[in-house]
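This is a predicted model, so every value here is computed, not measured. By convention here, the first residue in the shown sequence is residue 1. Order of listing sets the numbers, starting from 1, for every ligand and every atom in it.
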Amino acid sequence: MKTILITGGAGFIGSHVVRLMVNKYPDYQIINLDKLTYAGNLANLKDIEDKPNYQFVKGDIVDSNFITKLFEEYQFDGVIHLAAESHVDRSISNPTEFVFTNVIGTVNLLNAARHIWTDNTEGKLFYHISTDEVYGSLGKEGIFTETTAYDPHSPYSASKASSDHFVRAYHDTFGLPALISNCSNNYGAFQFPEKLIPLFINNIKHNKPLPVYGKGENIRDWLWVEDHARAIDAIFHEGKAGETYNIGGHNEWTNIDLIKLMCSIMDRKLKRETGTSEKLITFVKDRAGHDLRYAIDSSKLQHELGWKPSLQFKEGLEKTIDWYLENKEWLKGVTSGDYQKYYNEMYKDR
Ligand code: NAD
Ligand code: TYD
């Protein structure tokens, strides 16, 4: 019996990781710690909330006293740390929040793990989930490997880069058994509609303008979220402490091509005349410091741990669009209340 802490388990990726772990490992006790910010939603975990090996704890990783007590109470064997402020545009509006949660919150967790694992690190692991955005921006050529130098540009990626450095420092300085993975852009069910794919699905559905930043030429490498969760499972169980693993889909799309593909799929699904949704495309002021291109080389993970993506992108995108169209109540729930305020504020000057 192992007790595993998953932070940020009520968020997008975290909820998929919690579901996978709870279902696949009945002999693990999974504790999901989440503050339930705007991005955390217990409705993401309805199907597993009554499982005997699952428990939810509401709390803030920035509160060091609370974190210390939690670790003393549960004596975790492993930590999978996903809790974070995760949206680049929000980090441009409010960078400090990103320093609190992503940097200080991570250091609080590292301190607590170090404290309870002082005498025996055997079988223990602190697994920090990070992003490819720490590596900066690529030009037309090149690909991020595990040894690419860090060069973050947004307050979000700067805060994630900082937290990655702390994790490595705790491994090197204190011998904390820790590892990191850096993943490319995820898509799939339960993603909050502030990120490109769910935002545009929701806007197309409601015939609202599709705000494309700049010329839509930026490139992202998209991975289905359940493939990310499978990679996290593999790395948590077979990865080596002190190592870094890149995770990506080898699936690069310019934003504009991706958006046109989404428009054509949605025209078909909503029985609209071909070309109808594309008319909603509106080019708006570019994001400040907008990284041009991300692309991940995940060959280390593929060769060492045998992981590879299971789903082709077009199939994954169809599945994702179907999920958002079918789960009307979920979408309505997360786009009511403060969401309108957020949306108006974020897009008012564009
Ligand atoms: P998300 O914004 O959907 O979820 C974040 C979760 O963390 C939410 O449930 C929120 O309530 C919780 N949280 C925020 N602040 C907290 C705090 N102070 N204390 C406790 N809980 C708190 O994020 P996501 O997209 O699921 O990303 C999860 C992790 O994966 C992040 O660390 C992110 O940097 C990383 N990541 C995301 C992507 C992506 O494409 N979304 C890609 C690579 C890496
Ligand atoms: P996003 O989903 O925010 O992820 P990230 O910035 O972390 O890669 O954005 C993906 C791409 O889509 C990015 O190049 C910015 C662009 N984008 C838009 O053009 N319009 C939008 O309204 C949003 C949210 C993103």
For this session: Give yes if a backbone or side-chain nitrogen or oxygen of Asn185 is under 3.5 Å from a nitrogen or oxygen of ligand 2, and no if not.
Result: yes

Exercise. Just which atoms of ligand 1 are under 4.0 Å from any heavy atom in Ala10?
Worked result: 9 (O)

Exercise. In ligand 1, which numbered atoms sit nearer than 4.0 Å to a non-hydrogen atom of Ser130?
Worked result: 43 (C), 44 (C)

Exercise. Can you find a heavy atom in the side chain of Tyr127 that is under 4.5 Å from one in the side chain of Ile232?
Worked result: yes

Problem set entry | Note, Asp297 side chain near Thr148 side chain (heavy atom, < 4.5 Å) | no

Problem set entry | Heavy-atom nearest neighbour of atom 25 (C) of ligand 2 within options Tyr213, Trp253, Tyr187 | Tyr213

Exercise. Are the side chains of Arg230 and Asp233 in touch, meaning some heavy atoms are under 4.5 Å apart?
Worked result: no

For this session: For the pair Asn251 (side chain) and Trp222 (backbone), establish whether a donor and an acceptor sit closer than 3.5 Å, ignoring hydrogens and angles.
Result: yes

Exercise. Can the positive tip of Lys69 be found less than 6.0 Å from the middle of the six-membered ring of Tyr74, inside 45° of the ring normal?
Worked result: no

For this session: Show which atoms of ligand 1 fall inside a sub-4.0 Å distance from at least one heavy-atom site of Gly59.
Result: 19 (N), 20 (C)

Exercise. What part of Phe66, side chain, backbone, both or neither, has a heavy atom within less than 4.0 angstrom of ligand 1?
Worked result: neither

For this session: Look at atom 5 (C) of ligand 1 and say which protein heavy atom is nearest, naming residue and atom and giving the distance to 0.1 Å.
Result: Ala84 O, 3.4 Å

Exercise. Which residue supplies the protein heavy atom nearest to atom 22 (O) of ligand 2, what is that atom called, and how far is it?
Worked result: Tyr347 OH, 2.7 Å

Exercise. Just wondering, do Trp307 and Ile247 contact through their side chains at under 4.5 Å, heavy atoms?
Worked result: yes

For this session: Give the residue and atom name of whichever protein heavy atom lies nearest to atom 43 (C) of ligand 1, and the separation in Å to one decimal.
Result: Cys183 O, 3.3 Å

Problem set entry | Numbering as shown, the atoms of ligand 1 that approach Ile13 to under 4.0 Å (heavy-atom distance) | 25 (O), 26 (O), 27 (O), 30 (O), 36 (N), 37 (C), 38 (C), 39 (C), 41 (N)

For this session: Answer yes or no: does an N/O atom from Thr37 fall short of 3.5 Å to an N/O atom of ligand 1?
Result: yes

Exercise. What are the atoms of ligand 1, with element, lying closer than 4.0 Å to any heavy atom of Ser184?
Worked result: 42 (C), 43 (C)

For this session: Name the closest protein heavy atom to atom 16 (C) of ligand 2, giving the residue it belongs to and the distance to 0.1 Å.
Result: Asn255 ND2, 3.4 Å

For this session: Report yes if some N/O of Arg220 lies less than 3.5 Å from some N/O of ligand 2; otherwise report no.
Result: yes

Exercise. Which of the numbered atoms in ligand 1 are below 4.0 angstrom from a heavy atom of Ile129?
Worked result: 30 (O), 32 (O)

For this session: Test side chain to side chain donor-acceptor pair (under 3.5 Å) on Tyr150 and Asp164 and set out the steps.
Result: CA-CA 10 Å; Tyr150 276 28; Asp164 291 10; 2.7 Å; yes

Exercise. Is Lys160 touching ligand 1 with its side chain, its backbone, both, or neither, if touching means heavy atoms under 4.0 Å apart?
Worked result: side chain

Problem set entry | Atom pair OG (Ser159) and CD1 (Ile104), whose distance is rounded to the nearest 0.5 Å | 11.0 Å

Exercise. Checking side chain to side chain donor-acceptor pair (under 3.5 Å) against Tyr213, which of Asn255, Asn218, Asp89 comes through?
Worked result: Asp89

Exercise. Quick one: does Ile201's side chain get under 4.5 Å of Tyr187's, heavy atoms only?
Worked result: no

For this session: Give the atoms of ligand 2, by number and element, whose distance to some non-hydrogen atom of His290 is under 4.0 Å.
Result: 13 (C), 14 (O), 15 (C)

For this session: Would you please classify the geometry between the His237 ring and the Tyr28 ring as parallel, tilted or perpendicular, with 30° and 60° separating the classes?
Result: parallel

For this session: Could you check if a side-chain atom of Ile31 sits within less than 4.5 angstrom of a side-chain atom of Ile4, using non-hydrogen atoms only?
Result: no

Exercise. For ligand 2, which atoms, with element, lie under 4.0 Å from some heavy atom of His87?
Worked result: 3 (O)

Exercise. Under 30°, 30 to 60°, or over 60°: which ring-plane class applies to Tyr339 and Tyr342, parallel, tilted or perpendicular?
Worked result: tilted

Seminar exercise, completed: Logged contact type for Leu36 with ligand 1, heavy-atom cut-off 4.0 Å, is backbone

For this session: Report yes if some N/O of Leu33 lies less than 3.5 Å from some N/O of ligand 1; otherwise report no.
Result: no

Exercise. Applying a 4.0 Å heavy-atom criterion (strictly less than), which segment of Thr131 is in contact with ligand 2: side chain, backbone, both, or neither?
Worked result: neither

Problem set entry | Minimum side-chain heavy-atom gap Asn41-Lys46 below 4.5 Å | no

Exercise. Which protein heavy atom lies closest to atom 10 (C) of ligand 2, and at what distance to 0.1 Å?
Worked result: Leu196 CB, 3.9 Å

For this session: Check each heavy atom of Val88 against ligand 2 and say whether those closer than 4.0 Å belong to the side chain, the backbone, both or neither.
Result: side chain

Exercise. Does atom NZ of Lys195 have more than 12 heavy-atom neighbours from other groups under 6.0 Å away?
Worked result: yes

For this session: Could you list which atoms of ligand 2 come closer than 4.0 Å to a heavy atom of Asn218?
Result: 14 (O)

Exercise. Can you tell which of Met346, Arg287, Glu217 gets a heavy atom nearest to atom 3 (O) of ligand 2?
Worked result: Arg287

Exercise. Any non-hydrogen atom of Tyr156 lying under 4.0 Å from ligand 1?
Worked result: yes

Exercise. Just distances here: any N/O of Asp34 and N/O of ligand 1 closer than 3.5 Å?
Worked result: yes

Exercise. Looking at Leu82, which atoms of ligand 1 are within less than 4.0 Å of one of its heavy atoms?
Worked result: 28 (C), 29 (C), 31 (C), 32 (O)

Problem set entry | Gln191, Glu133, Lys195: member with heavy atom nearest to atom 5 (P) of ligand 2 | Glu133

Exercise. Cation over ring, Lys300 on Tyr245, under 6.0 Å and within 45°?
Worked result: yes

For this session: Check each atom of ligand 2 against the heavy atoms of Glu194 and keep those under 4.0 Å away; list them by number with element.
Result: 24 (C)

Exercise. Any non-hydrogen atom of Tyr156 lying under 4.0 Å from ligand 2?
Worked result: no

Exercise. Would you call the rings of Trp330 and Tyr324 parallel, tilted or perpendicular, where under 30° means parallel and over 60° means perpendicular?
Worked result: perpendicular

Problem set entry | Taking atom 20 (N) of ligand 2 as the reference point, the nearest protein heavy atom with its distance | Pro211 O, 2.8 Å

For this session: Say whether Ala83, considering both its backbone and side-chain N or O atoms, lies within less than 3.5 Å of an N or O atom on ligand 1.
Result: no

Exercise. Between Thr101, Asp63, Thr131, which one has a non-hydrogen atom sitting closest to atom 15 (N) of ligand 1?
Worked result: Thr101

Exercise. Atom SG of Cys263 and atom CD of Glu278: how far apart are they, to the nearest 0.5 Å?
Worked result: 5.5 Å

Exercise. Any N or O of Val212 that comes nearer than 3.5 Å to an N or O of ligand 2?
Worked result: no

For this session: For atom 1 (P) of ligand 1, find the nearest protein heavy atom and state the residue, atom name and distance (0.1 Å precision).
Result: Ser86 OG, 3.5 Å

For this session: Kindly indicate whether a cation-pi arrangement holds for Arg90 with Tyr38, taking the cut-offs as under 6.0 Å to the six-membered ring centre and within 45° of the axis.
Result: yes

Problem set entry | Minimum-distance protein heavy atom relative to atom 19 (N) of ligand 1 | Ile61 N, 3.0 Å

Exercise. Counting only heavy atoms not in Asp338, do more than 12 fall under 6.0 Å of its CG?
Worked result: no

Exercise. Strictly under 4.0 Å, does any heavy atom of Thr7 approach an atom of ligand 1?
Worked result: no

Problem set entry | Side chains of Val88 and Ile92 in contact at under 4.5 Å (non-hydrogen atoms) | yes

Problem set entry | Numbering as shown, the atoms of ligand 1 that approach Lys35 to under 4.0 Å (heavy-atom distance) | 16 (C), 17 (C), 18 (N), 19 (N), 20 (C), 21 (N), 22 (C)

